[in-house]
Amino acid sequence: MTWVITSLCRDKVDMACVEVCPVDCIVKRTDESAEWPNQLYIDPDECISCGVCEPECPWEAIFEDEQVPEIFQPDVALNAKIIDERDEFEVPERDDDVDVPSPDDVEANKAKWGYAG
Ligand code: SF4
Ligand code: SF4
């Protein structure tokens, strides 16, 4: 079992999860591309499934792999793909100037992705 960051993180990337991960397995791609959009990913080989990142995410973007909603299933494979390209990822540093989203912001982001959860 591992945990997965979904598209709900896309272009949010406030990195609240990075600060609490005890094994530094939450990473960012060093370059952006259509295949690797601007979000964070969890290295499934390194994740110890402690779950402490999930409640820290203001955008509710993190799920246990077995609980990932159907609409975000492609993110399971994308997070897992890190293993093959590990050199292209790094643990990012958090910018101190991050806005906390309102409940309406969070719901609007979910709606954008077609997720009602
Ligand atoms: S579940 Fe624990 S080890 Fe895995 S990414 Fe979250 S904080 Fe890190
Ligand atoms: S806390 Fe959530 S939204 Fe912020 S970077 Fe981590 S997964 Fe993305």
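Each ligand, and each atom within it, is numbered from 1 in the order the structure gives. What you see is a predicted model; the values in this text were computed from it and never measured. Hydrogens, waters and symmetry mates play no part in the numbers below; they use all other heavy atoms, side chains included.
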Visitor: Do Asp65 and Thr2 meet the criterion of a side-chain donor-acceptor pair at a distance under 3.5 Å?
Guide: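 No, Thr2 and Asp65 have no side-chain donor paired with an acceptor closer than 3.5 Å.
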Visitor: Under a 4.0 angstrom heavy-atom cut-off, which atoms of ligand 2 come close to Val13?
Guide: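 Once the distances to Val13 are compared, the set is 5 (S).
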Visitor: Are any of the side-chain heavy atoms of Val4 and Ile42 separated by less than 4.5 Å?
Guide: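 Val4 does not reach Ile42 side chain to side chain.
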Visitor: For a 4.5 angstrom cut-off between non-hydrogen side-chain atoms, does Lys28 reach Val18?
Guide: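 When only atoms from C-beta onward are counted, Val18 and Lys28 do not touch, as no gap falls below 4.5 Å.
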Visitor: By ring pair (Phe, Tyr, Trp, His ring centres under 6.0 Å), which residues pair with Tyr115, not counting sequence neighbours?
Guide: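 Scan of Tyr115 (ring pair (Phe, Tyr, Trp, His ring centres under 6.0 Å), adjacent residues dropped) gives Phe72.
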Visitor: Can Ile26 be reached from Phe63 by stepping across I, L, V, M, F, W or Y side chains whose heavy atoms are under 4.5 Å apart?
Guide: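 No.
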Visitor: How would you list, by chain and number, the residues with a heavy atom under 4.0 angstrom from ligand 1?
Guide: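 If the criterion is a heavy atom under 4.0 Å, then ligand 1 touches Trp3, Cys21, Pro22, Val23, Cys25, Ile26, Ile42, Cys47, Ile48, Ser49, Cys50, Gly51, Val52, Cys53.
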Visitor: If you group Ile, Leu, Val, Met, Phe, Trp and Tyr by side-chain heavy-atom gaps below 4.5 Å, do Ile62 and Val91 land in one group?
Guide: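 Linked within one cluster.
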Visitor: So, Asn79 side chain and Ile5 main chain: donor-acceptor pair closer than 3.5 Å or not?
Guide: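 Between the backbone of Ile5 and the side chain of Asn79 there is a qualifying donor-acceptor contact (under 3.5 Å).
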Visitor: Give the atom numbers and elements of ligand 2 that come within less than 4.0 Å of a heavy atom of Met15.
Guide: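 Close to Met15: 4 (Fe), 5 (S).
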